[in-house]
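Here the structure is laid out as structure tokens; the discussion comes afterwards.
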There are 2 protein chains.
Amino acid sequence: MNKGLTIKDIAKAAGVSETTISRYLNKKYEYMSEKTRRKIEEVVLTLDYRPSNVARSLKSQKSKLIGAVIADIGNQFASDIIKGLSDTCEALGYTLMIAISDESTENEQIQIEKFLDNQVEGLIINTTGFNQDYLTQLREGSVPVVLLDRGVPESQIDVVTNDNYGIGLKAMKYLIDSGFKSIGFFVNEVTNTVRSERLRAFKNGLAGQTEVLGDVYVVDPDNHENLIESMMSFKKLPEPRAIFSANGLTALGLLEAMKEEQLQIIEDFGLLTFDESTWARVVSPSITTIDQSSYGLGVEACRLLVHKVEGTAEKQSLSTSGSQLPSRLIIRESTSYLN
Amino acid sequence: MNKGLTIKDIAKAAGVSETTISRYLNKKYEYMSEKTRRKIEEVVLTLDYRPSNVARSLKSQKSKLIGAVIADIGNQFASDIIKGLSDTCEALGYTLMIAISDESTENEQIQIEKFLDNQVEGLIINTTGFNQDYLTQLREGSVPVVLLDRGVPESQIDVVTNDNYGIGLKAMKYLIDSGFKSIGFFVNEVTNTVRSERLRAFKNGLAGQTEVLGDVYVVDPDNHENLIESMMSFKKLPEPRAIFSANGLTALGLLEAMKEEQLQIIEDFGLLTFDESTWARVVSPSITTIDQSSYGLGVEACRLLVHKVEGTAEKQSLSTSGSQLPSRLIIRESTSYLN
DNA sequence: TTGAAAGCGTTACCAA
DNA sequence: TTGGTAACGCTTTCAA
């Protein structure tokens, strides 16, 4: 078990030089006799030798390490992303290191620097959204960076994200076509591009509508009083009303608050929320949701990063690439006030 | 930004030797003039120099790295654990590396070895449960190991876990005192100590009861047919009946299946489940749950591990330590069939 | 097809 | 109080 064995021990045991062992470890069999290879193979296996990645990294400046900093790990969405990252790193031969910034800018920087200290070859960042300057500067630094889910406005950093605007627009159209006369957009403070894109979809989806009223309610999903207050305010708009929730956590808070206040979904408000989840299917009435890629986001981000890490020239290119994945509207009971 | 600066550059810039810089970096100010210290400090700050942890690790064999392998990240419980680990590592001056085994033994081993290759000083493992031999052998290896949540039977490895047995017994007593005449224990395949402890609580809670019947249903939470079949089988036992679910995922699957089959909580079955979550409060009727430490589990595991890493002598001691955290029964509507 | 030796960026011993 | 230098475990020329 990595018991202090070094390349020297293996060389001695196999009766060859350290150089040859190194060649074997790096699969440079081209100029190695079959016999030597076999011999080394046997020794490595029986002694259960594993080369030190630390020494390797130091010498070759290549660690095969990728660092990912995740802002908030407390939802299914993040978990699936991480699985995507994990699986893809594994498949591509890299080791993934994950750190949680817990939505703190300071933490995000600390974690990034620790990763850099450990010679990661690339960085995947699900940014808190407040780290614009630091991240932009980072991009000019030594290792490739890919942003995950949340972008950084006006920066050139690659970002892999969902099509929040497009699906948001589609959801708006659906609500309007369903006959809702008021739509309330419930969102926490708009601190990142995901939220701002969703908000933009709400506003543009409303633009030009004369029959439909809309309002934005900036809420704190953990603060019930705040949630209730906003709902009561929204309740003054004409019926039928639909709440458009910018994320699952807010929807959950809303549901809890409604339960307290004896407010009914459908009767009082229709509900449509970003973030698909099991509980959306289980509650009554079931909740109409927007299902976005999460696992796929992780996969794509990882692929793109590795591409940049391994690409020689284009690594330094200034063109923003990145990609947008498609999303899906899942219609359930919570928005069917008719019939 | 770590732009290839080395200790040599700093030494040159500060007009002192590399040795002195190293002393500064390791806060060995004892034998250093105030003046030198200030000078170095200035240079380090203005040049934004950060020492390479890779070189440090190689030389000193101390990486300040802790590796955590998590079996399943797809639930709030795991997320909270990770937060606990993350915060505590940070506080104690260690860098946390997380990997996901996704409930695969093979993956678990791969991730552990990768961590070892990178010189982690200690390992926190939330084991898949099938890795008994490997883990036991690992314990005899070079780095300290702490098991998280799930233990390994008949091994001496330290484990930080919840008191699954005690709280399970309490839940059983509560159900029986509430007047339920049949209790069905719904659990996925019993592959780890957490599940086996919960099962043991169910069985012992039933022991000696003459009025109350019980049965164990081993189910696959993702397979609705399977779930429904088990519920139908349980439905043959005398009323009132309570389902005791061994985890949140199973409860969610059960809820979904019940919705499909038009089965009612309370009318058809009472429901009590391990794992507290927001949706348990939000659904109607709300669900009685067992709330266990998760964040605290992460904190404790981390503390214990660091203690072992830094402890000199006792590190090799054979005594199993570890700890058990208390749990809490949260009574809600789903078990109140009376009144 | 193989090996000797220099060097990656630190730390730590010994000397000054 | 400070500095020279060997060494950590590996990779990579260069030479054989």
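The chains referred to below are lettered A, B, ... by the order of the sequence lines, with proteins before strands, and numbering in each begins at 1.
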Counting Watson-Crick and G-U wobble pairs with both distances under 3.5 Å, what is the dot-bracket string for DNA chain D, 5' to 3', using [ ] for crossing pairs and | for pairs to another strand? ||||||||||||||||
All salt bridge (charged side-chain N to carboxylate O under 4.0 Å, His left out) counterparts of K59(B), not counting sequence neighbours: none
Residues which pass side-chain contact (heavy atoms from CB on, under 4.5 Å) with E106(A), listed by chain and number, not counting sequence neighbours: S104(A), I110(A)
Below 3.5 Å is the cut-off: list the nitrogen or oxygen pairs between protein and nucleotides 10-14 of chain D, distance only.
from, atom 1, to, atom 2, distance (Å)
dC10(D), OP1, Y49(A), OH, 2.4
dC10(D), OP1, S52(A), N, 3.0
dC10(D), OP2, I7(A), N, 2.3
dC10(D), OP2, Y49(A), OH, 3.4
dT11(D), OP1, N26(A), ND2, 3.2
dT11(D), OP1, R56(A), NH1, 2.7
dT11(D), OP2, S22(A), OG, 2.8
dT12(D), O4, T19(A), OG1, 3.4

The side-chain hydrogen bond (donor to acceptor under 3.5 Å, both in side chains) partners of N75(B) (sequence neighbours excluded) come to none
Going by the rule side-chain contact (heavy atoms from CB on, under 4.5 Å), which residues pair with K64(A) if we only count those two or more places apart in sequence or in a different chain? Y94(A), E121(A), E310(A)
Under the side-chain hydrogen bond (donor to acceptor under 3.5 Å, both in side chains) test, residues paired with Q76(B) that sit two or more places apart: D80(B)
Chain A footprint on DNA chain C, 5' to 3' - any atom under 4.0 Å from a heavy atom: dT1(C) to dG9(C)
Those residues that, when tested against D87(B), pass salt bridge (charged side-chain N to carboxylate O under 4.0 Å, His left out) (two or more places apart): none
Contact class for V16(B) (heavy atom, under 4.0 Å): base, sugar-phosphate, or nothing? sugar-phosphate
Just grab all the salt bridge (Lys or Arg N to Asp or Glu O under 4.0 Å) pairs involving residues 146-157 of chain A, residues at least two apart or on different chains. E103(A)-R150(A)
A side-chain contact here means heavy atoms from C-beta on lying under 4.5 Å apart; do L85(A) and L96(A) qualify? yes
Closest-nucleotide ordering on DNA chain D, the 5'-leading residue of T36(B) and L58(B): T36(B)
With a 4.0 Å cut-off on heavy atoms, is S57(A) in touch with a base, just the backbone sugar-phosphate, or nothing at all? nothing
So, OP1 or OP2 of dC8(D): does either fall under 4.0 Å of a side-chain N or O from Q119(B)? no
Go through the structure and list residues passing salt bridge (charged side-chain N to carboxylate O under 4.0 Å, His left out) with R303(B), not counting sequence neighbours. E300(B)
S57(B): partners by side-chain contact (heavy atoms from CB on, under 4.5 Å), with sequence neighbours left out: V54(A), N53(B), S63(B)
